[in-house]
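Index from 1, following the sequence.
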Amino acid sequence: MKRIISLLVAFVIVFALAVCASASPEKVVELSVFSGGISKTTPTGIAVQAMIAEVEEKSGGSIKIKDFYDTELGDSKTMIQSLVQGTIDMGITGCSYYAGIVPQIQVFELPFLFENIAQARTAVDGPAKDIIFEKLAERGIIGLSFWENGMRNLTNNVRPIKTLADLQGIKIRTLPAKIQIEAWKALGALPTPIDAAELYTALHAGTVSAQENPYVVIRDQKFYEVQPYITETGHVYTPFLFSMSKISADKLTPEQLQIVKDAAVHAQKVQRDSNDTVVAQAKEFMRGQGVQIIEGIDLTEWRERAAPVYSIYTEQNGTELLDIVRNSNKQAGL
């Protein structure tokens with residue numbers, strides 16, 4: 001009888017310990033997220049904060065995230081290296097910064113590939129994304145979701161540009177990327193790479209007479225003060241990629257990792273909706289400053305002139321991803 005009682009007592013003790021263990025709070029995982037040179041008040045900064053709130057709520061507080069903005073931890077190039085090394089857990093920056101490890105990602109930034117933002121968003125969310133994410137994972141980075149800087153448009157201080165004939169001979173600041181430089185040459189402009197930090201001064205001094213950027217950048221950098229004409233060319237889509245270090249991802253449980261992935265997709269919608277709002281606001285603000293915005297021009301000839309520069313991309317990366325992007329839009333009816 002004593003033996004039976006002893007076994008029962010032992011069973012109760014073991015059961016009680018198991019219950020206590022299961023009821024004890026889960027160990028808190030602390031993560032960092034870095035936004036490169038992007039500030040907290042931008043659509044991207046707002047989306048980062050939405051992602052953090054979603055993760056902390058859905059994880060029951062078992063994941064805590066510290067956010068960093070405005071190059072607090074270095075520039076975007078440094079951020080990519082830190083993701084690979086696991087010294088930064090998550091980050092968001094332009095796709096061109098990932099091109100050093102996965103050059104195929106540049107497919108989304110080919111000139112005149114998309115006719116509108118709906119096509120661009122469908123493409124970056126489609127089958128091409130899965131292939132790029134696989135390649136990133138091989139290099140130590142987990143792709144989470146594509147956000148955006150938006151469609152780039154042309155500004156200048158020479159004349160309203162409505163046709164290619166209006167563009168001829170205008171000296172334009174462009175990105176220091178071979179495809180972009182060759183595209184503007186093909187269109188008849190005179191491209192000159194200039195660092196973004198020096199661009200306003202170059203425009204003011206007349207070193208260049210034109211530049212191209214998304215509406216929000218044109219407003220926030222005050223280019224409209226020295227560029228009275230904007231032509232809505234939408235010639236290049238500039239996606240941002242939100243990603244995570246594979247080293248950091250491996251520290252999470254499968255359930256925790258899924259929470260982070262779901263929150264990144266949730267934040268994507270927050271970021272895009274916010275971007276749509278601020279683009280509309282930026283356009284109206286600049287109109288109020290006397291800027292002439294030329295919309296609805298026929299870009300057929302522009303696309304035809306720029307098409308040959310795609311070979312710069314396909315000779316290095318093949319045509320697979322480009323074909324997938326084009327087909328995804330056809331299938332979506334866009």
Side-chain angles (χ1 to χ4, degrees), residues 33-51 54 67 69-70 76 79-80 90-99 102 104-133 136 141 143-154 175 177 179-180 196 212-221 230 232-244 261 263-283 321 324-326 328-329 332 334:
V33 60
F34 178 44
S35 68
I38 301 167
S39 68
K40 192 171 185 176
T41 57
T42 62
T44 298
I46 291 168
V48 166
Q49 295 163 70
M51 183 275 303
E54 185 82 356
D67 47 341
Y69 306 90
D70 297 316
S76 291
M79 188 198 85
I80 300 299
M90 293 183 287
I92 176 79
T93 192
C95 286
S96 58
Y97 292 101
Y98 293 87
V102 179
Q104 295 88 344
I105 200 170
Q106 296 176 95
V107 68
F108 298 127
E109 297 180 288
L110 291 173
F112 299 102
L113 180 59
F114 307 116
E115 294 182 12
N116 51 60
I117 197 125
Q119 283 188 354
R121 290 171 176 174
T122 297
V124 299
D125 292 341
K129 174 193 70 175
D130 299 328
I131 295 174
I132 289 170
F133 280 10
L136 284 166
I141 293 178
L144 296 174
S145 62
F146 279 104
W147 301 2
E148 66 188 20
N149 196 18
M151 305 295 284
R152 303 178 77 90
N153 296 295
L154 172 66
L175 297 170
I179 289 176
Q180 306 303 326
E212 44 84 48
N213 258 302
Y215 271 119
V216 178
V217 176
I218 298 168
R219 181 197 63 184
D220 291 352
Q221 297 299 316
I230 299 177
E232 198 164 90
T233 49
H235 52 276
V236 167
Y237 178 64
T238 308
F240 286 156
L241 176 59
F242 186 49
S243 64
M244 185 174 195
K261 289 181 175 180
V265 175
H266 164 75
Q268 176 196 68
K269 184 178 188 308
V270 172
Q271 200 265 354
R272 289 176 177 176
D273 288 348
S274 180
N275 203 46
D276 287 342
T277 298
V278 297
V279 164
Q281 291 172 344
K283 288 177 68 172
L321 279 177
I324 288 173
V325 167
R326 284 171 165 162
S328 68
N329 281 319
L334 297 171

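Remark: Asp273 engages Lys269 in a salt bridge, criterion side-chain N to carboxylate O under 4.0 Å.
One distance of note links CD1 of Ile218 with CD1 of Ile230; it measures 4.5 Å at 0.5 Å rounding.
With hydrogens and angles left out, the side-chain atoms of Tyr237 and Glu148 include a donor and acceptor closer than 3.5 Å. For the residue pair Tyr98 / Ser243, a side-chain donor-acceptor distance below 3.5 Å is found, with atom types taken as modelled.
Between Ile92 and Val33 the shortest side-chain heavy-atom distance does not fall below 4.5 Å. Contact check for Val325 versus Phe114: side-chain heavy atoms found under the 4.5 Å cut-off. Side-chain contact check for Met90 versus Phe242: some heavy-atom pair is nearer than 4.5 Å. The closest side-chain heavy-atom distance from Val216 to Val279 is below 4.5 Å.
In terms of modelled atom types and a separation under 3.5 Å, the side chain of Gln271 and the main chain of Ala267 share no donor-acceptor contact. In this structure, the side chain of Arg152 engages the main chain of Glu212 through a donor-acceptor pair within 3.5 Å. A distance-only check finds a donor-acceptor pair linking the side chain of Asn153 to the backbone of Thr233 [under 3.5 Å]. Counting only distance, with no hydrogens or angles, the side chain of Gln268 and the backbone of Ala264 share no donor-acceptor pair below 3.5 Å.
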Pair Ile132-Leu321, side chain to side chain contact (heavy atoms under 4.5 Å, CB included): steps then yes or no: CA-CA 9 Å; Ile132 289 170; Leu321 279 177; 4.0 Å; yes

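The number of heavy-atom neighbours closer than 6.0 Å to CZ of Phe133, taken from other residues, nucleotides and ligands shown, is above 12.
In this structure, Phe108 and Phe146 have perpendicular ring planes: the angle between them is above 60°, well past the 30° mark.
For the side-chain contact (heavy atoms from CB on, under 4.5 Å) test with Ile105, the passing option among Ile131, Leu241, Val124 is Leu241; the others fail.
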